[in-house]
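Here's the structure, in structure tokens; my notes come after.
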Number of protein chains: 2
Amino acid sequence: MHAKTAEFSPELQELAQAAKLLSHPARIAIIKLLAAKKSCISGDIANELPLSRATVCQHLQELKNAGLIKGEISGLNVNYCLNVEKWRSVKAQFEGLFSLTIHEINCNC
Amino acid sequence: MHAKTAEFSPELQELAQAAKLLSHPARIAIIKLLAAKKSCISGDIANELPLSRATVCQHLQELKNAGLIKGEISGLNVNYCLNVEKWRSVKAQFEGLFSLTIHEINCNC
DNA sequence: TTTGTATGTCGTAAACATACGAATTAGCGA
DNA sequence: TCGCTAATTCGTATGTTTACGACATACAAA
């Protein structure tokens with residue numbers, strides 16, 4: 001985070017942070033895969049994406065650090081799944097933004 | 001955009017692009033200001049944010065290039081306002097993502 | 001114990017984002 | 001015209017993200 005980012009309200013910072021998580025197609029793809037339960041094994045996820053294992057792992061860690069997904073070792077594999085609570089909270093934040101009342105009166109554009 | 005980003009589906013790319021727009025608190029703040037019509041003059045927007053005029057202008061251009069806001073010269077000032085059509089389309093894209101059915105069956109996490 | 005497979009971390013290169021002072025453009029009024 | 005003000009663009013410094021090969025770890029089965 002740039003220093004200046006800290007000068008905005010915590011609400012704005014949190015929403016911006018959530019948006020950043022969704023700002024890469026690989027991370028959205030991972031979320032969709034986990035929601036659909038098509039696969040939750042790390043290697044399978046990597047195989048579904050046009051990126052190297054190392055890069056996919058990096059995106060997985062990012063989502064995990066943000067608490068949006070959970071990982072669990074299962075023998076030689078690692079199962080990931082969506083943290084449904086967190087997902088709902090992110091959803092609620094965006095809904096707050098999108099439910100803004102838009103005042104078009106006096107708009108000259 | 002990194003080269004690899006192009007290898008994801010257009011839908012994912014578009015949504016990721018929209019999320020990137022919302023990934024900085026200044027840009028969310030600008031959208032909120034414009035929605036509330038508290039101010040739509042460039043300089044006033046800059047005064048509301050803890051950033052220099054040059055930086056705010058840069059964020060405004062980013063939103064404008066993405067089509068999310070429109071700008072119009074009015075004498076010595078420039079009036080900005082939300083592009084409501086585009087805003088609704090972004091909203092619809094996010095709603096699509098958040099309306100994903102989540103399958104928790106077989107989840108071992 | 002050795003071998004193989006699945007994951008994750010490290011180091012690093014390249015691209016991109018953020019931030020701002022200085023310079024530039026452009027309208028308005030004296 | 002001349003100077004004033006508002007807005008944007010330019011140049012540049014700094015920090016962050018993306019991407020991946022190579023290395024490390026850890027379990028499982030031969």
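Naming: A, B, ... by sequence-line order, numbering from 1 per chain.
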Under the 3.5 angstrom rule, does the side chain of [X] hit a backbone N or O of [Y] as a donor-acceptor pair?
{"X": "A/Ser99", "Y": "A/Glu95", "result": "yes"}
{"X": "A/Gln93", "Y": "A/Ala18", "result": "no"}
{"X": "B/Glu72", "Y": "B/Tyr80", "result": "no"}
{"X": "B/His2", "Y": "B/Lys4", "result": "no"}

[X] [atom1] to [N] [atom2]: how many Å, rounded?
{"X": "B/Leu60", "N": "D/dA6", "atom1": "CG", "atom2": "C1'", "answer": "13 Å"}
{"X": "A/Gln61", "N": "D/dA19", "atom1": "CD", "atom2": "P", "answer": "16 Å"}
{"X": "B/Asn47", "N": "D/dA7", "atom1": "CG", "atom2": "C1'", "answer": "13 Å"}
{"X": "B/Ile30", "N": "D/dA7", "atom1": "CD1", "atom2": "C1'", "answer": "14 Å"}
{"X": "A/Asn77", "N": "C/dG8", "atom1": "CG", "atom2": "C1'", "answer": "13 Å"}
{"X": "A/Leu63", "N": "C/dT7", "atom1": "CG", "atom2": "C1'", "answer": "16 Å"}

Practice task
Verify the contact: side-chain N or O of B/Tyr80 to OP1 or OP2 of D/dA6, cut-off strictly under 4.0 Å; return yes or no.
Solution key: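 Answer no for this pair, as no side-chain N or O of B/Tyr80 is under 4.0 Å from OP1 or OP2.
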Practice task
For residues A/Trp87 and A/Ile31, determine if any side-chain heavy atom of one lies less than 4.5 Å from a side-chain heavy atom of the other.
Solution key: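 Yes, side chains in contact.
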Problem - Residue pair B/Asn83 / B/Leu68, side-chain heavy-atom distance below 4.5 Å - result: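 B/Asn83 does not reach B/Leu68 side chain to side chain.
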Just the table, please: protein N/O against nucleotides 23-28 of chain C N/O, every pair under 3.5 Å.
none

Handout entry: side chain to side chain contact (heavy atoms under 4.5 Å, CB included) assessment of B/Leu33 paired with B/Glu48
Key = CA-CA 9 Å; B/Leu33 281 172; B/Glu48 299 268 353; 3.9 Å; yes
Handout entry: B/S/- contact track for nucleotides 12-21 of chain C, protein heavy atom under 4.0 Å
Key = ---SSSBBBB
Practice task
Over all heavy atoms of both residues, which pair between A/Glu7 and B/Pro50 is shortest? Give the atoms and the distance, please.
Solution key: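 Smallest interatomic distance, heavy atoms only, reads OE1-CB, 3.3 Å.
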